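Structure first, then comments.
Residue numbering restarts at 1 for every chain, and letters A, B, ... go by the order of the sequence lines. Please read these numbers as outputs of a predicted model, since none were measured by experiment.
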Amino acid sequence: MPRSSSPECLLQLLQRFLKRPNQINQIHSRLISHGHLLHSPNPRSASKWMTTLLYNTLIRAHLGFSQAHKPFLLFTHMLAHQAPPNSHTFPPLIKAASASSSPNLGAPLHTQVVKRGVMHDPFIQTSLVSFYAQFGILCDARKVFEEIAEPCVVAYNAMIDGFGKNGDMGSAVSLFQSMPKKDVVSWTSVINGFGRNGSFSEGIQFFKMMVHEDLMGCFVKPNEATYVTVLSSCANLDGWGSLYWGKQIHGYVIRKEIELTAFLGTALIDLYGKMGYVSSAANVFKKMVVTEVCTWNAMISALSLNGKVREALDLFEKMKRERLQPTAVTFVAVLTACGRGKLVNFGLELFRSMSNDFGVEPIMEHYGCVVDLLGRAGLFLEATELIKSMPFEPDASVLGALLGSCNIHGTAGLGNEVGQKLLELQPQHCGRYVVLSSINAGTERWDRAAAVRQAMVHAGIRKIPAYSVIDVN
DNA sequence: GTAGGGTTAG
C-alpha cells in the first residue's frame, strides 16, 4: 500500500487520531520506517517543511499521553535531523513543560523561541504567560504579557488565570475590566480565581453579574466550565447562602436545558452531598448518562459524609463491577464511610489493599481516615503506631483526627499531648482549642480547661458558632 | 502551502 505511506497521507491520519496513543504509535513507526522523519536529499522522501509539519503534529499528538517526556524527545530528534522548528512547534512543547513537575524546561524553551525568532507569535506568547504563571513566576508571566502589542482575548484570559493562580485577584479583576471584549473564558477565569482563593461569595457575585449582563445587551453565555466553577464555589461557601445559590444555579441549569455532562453532574452531586442533601445528590447521579470516576467519587463521598455507610460501600462495589479504576479520592470516601460505620477490620483491610491491589499509594488524607477509624474505636495504641509508621510527618489533619477521638473517649493524657502539638501547628484554629478544652473539662481537669480557653482568648480567637441543617422532604 | 494558545470534577 504505497499510497497510504506517503507523508501527506500519514499526516492526515495523525491529525485524525490525535488523541489515540495506539494509532499514533503505529503511524509514528510507519513514518520512521519510511524515513519521513529524516532529513534527506532524496526527492521521493518528505520535503523539509513537510518533515517539520510531521514533527509538529507528532509532538502535539503526544501531549497528555502517559509518556510525558515524548514531546521533548521528539523535539530533540527534530533538531538532530535538521527539521527546523517553527512557530507551531513551541506551543505544545511549552504546554508539556507546564504539565511537568518543575519549571526547568522553561528556560531552554524560551531561549529556543528567541533564537528562532518566533517570540512575537501570539500563540507562543500566550503559552509562555500560562507557563510562568503555572509555576508561580508571576513577574515573568507579566513581562511576557506586557510585551504583547495588542493582546487578543485568549492572551488576556491566560493572564487573568495567571493572576488568579497566584492569589492576585486585584490584578485579575482590573485586567478583566480593562479588556475591550470579554468572552466566557474571561468570566470563568475570574470566577475560578475567586474560588481558588477562597473568595467564594465574590465568585458567585461575578457569576450573577455575568448572567445579568443580559439586560445590558452584551450577554456572554456561561458554559459547562462556568457552571462547574460557580457550583464548586457554592459547595464551599459557609452558611445558608451556599444551598440557596447552589439551588438557584441548578434551577438555571434545568431551565436552560443545559446538558448534564459528567463535569456538571459531578459538581452538583458534590454540592448536594456537602449540603447534606443526599437524596438530591442521588437524583442527579441517577439522571446522568455519562459518568466518570470523579462522579462516583462524589456520590460515594456524599453517601459516606451523610452516614449512609452501607450505600457508600455498595456503590464502591458497583463501581468496581463497572470496571472503573478507584483513585485516591475514592479511598478517602470509602475509608471515611468505614470510620462512620465503625468497620475497623474492613477499613484496615481496604487500607492495605489500596496500594497492593489498586496501585494507589496512601497519602496524608488516607492516614487521617484510618487514624480516625482506629481512634473512634478506642484503639489508641494502633492509631499512634500507625502515625509513627507513616512515611512522612503527620500534619494537622492526622493529629486532629486523633485529638477528636481522645475527646470522644475522654483520653486526657494523650489528648493533651496531641493537642499541644496541634496548637503549635495551627495556633489560629478555634476548633482545636475548643476540643482540647472539652477533653479537660470532660475529665474534670477544670484548671487545664480554663487555661486552654485563656490561651485561645490570648491568641485573639473567637469560637465560630456552629449550625445544623435539617432536610425537610 | 498546513497545524497551534486560555477556563471545569473530593
State which of [options] makes the closest approach to the side chain of [X].
X        : options              : value
A/Lys165 : B/dT8, B/dG5, B/dT7  : B/dT7
A/Gln15  : B/dG10, B/dT7, B/dA3 : B/dA3
A/Asn192 : B/dG10, B/dT8, B/dA3 : B/dT8
A/Lys95  : B/dA3, B/dT8, B/dG5  : B/dG5
A/His88  : B/dT7, B/dA3, B/dA9  : B/dA3
A/Thr188 : B/dT7, B/dG4, B/dT8  : B/dT7
A/Val228 : B/dT7, B/dG5, B/dA9  : B/dA9
A/Ala225 : B/dT8, B/dG5, B/dG4  : B/dT8
A/Val185 : B/dG4, B/dT7, B/dG10 : B/dT7
A/Phe123 : B/dG4, B/dA9, B/dT2  : B/dG4

With a non-hydrogen cut-off below 4.0 angstrom, is [X] in contact with a base, only sugar-phosphate, or nothing?
X        : value
A/Glu365 : base
A/Thr57  : nothing
A/Asn236 : nothing
A/Ser87  : base

When the distance from [atom1] of [X] to [atom2] of [N] is rounded to whole Å, what number comes out?
X        : N     : atom1 : atom2 : result
A/Met210 : B/dT7 : CE    : C1'   : 10 Å
A/Leu128 : B/dG5 : CG    : P     : 14 Å
A/Asn56  : B/dA3 : CG    : P     : 12 Å
A/Phe207 : B/dT7 : CZ    : P     : 20 Å
A/Lys221 : B/dT8 : NZ    : P     : 20 Å
A/Arg60  : B/dG4 : CZ    : P     : 4 Å
A/Phe145 : B/dG5 : CZ    : P     : 18 Å
A/Asp121 : B/dA3 : CG    : P     : 14 Å

- Query: Hey, do the aromatic rings of A/Tyr156 and A/Phe145 have their centres closer than 6.0 Å?
  - Reply: yes

- Query: Given the side-chain rings of A/Phe392 and A/Tyr367, with only the six-membered ring counted for Trp, is the space between their centroids under 6.0 Å?
  - Reply: yes

- Message: Does the structure place the NZ or CZ of A/Lys70 under 6.0 Å from the centre of the six-membered ring of A/Phe65, at an angle of no more than 45° from the ring's axis?
- Response: no

- Query: Within 45 degrees of the axis of the six-membered ring of A/Tyr252 and under 6.0 Å from its centre: does A/Lys256 put its NZ or CZ there?
  - Reply: yes

- Could you tell me whether the side chain of A/Thr126 has a donor or acceptor atom within less than 3.5 Å of a complementary atom in the base of B/dG5? yes

- Query: Between the main-chain N or O of A/Ala133 and the side-chain N or O of A/Asn166, is there a donor-acceptor pair closer than 3.5 Å?
  - Reply: yes

- Strictly below 4.0 Å, heavy-atom distances to any atom of DNA chain B: list the hits from residues 286-297 of chain A, or just say none. A/Glu292, A/Cys294

- Taking only the side-chain nitrogens and oxygens of A/Arg196, find out if one of them lies under 4.0 Å from OP1 or OP2 of B/dT8. yes

Would you say the side-chain atoms of [X] and [Y] include a donor-acceptor pair closer than 3.5 Å?
X        : Y        : answer
A/Asn223 : A/Thr226 : yes
A/Asn197 : A/Ser199 : no
A/Thr229 : A/Asn192 : no

- Message: Within the structure provided, determine whether A/Met78 and A/Leu74 are in side-chain contact (heavy-atom separation under 4.5 Å).
- Response: no

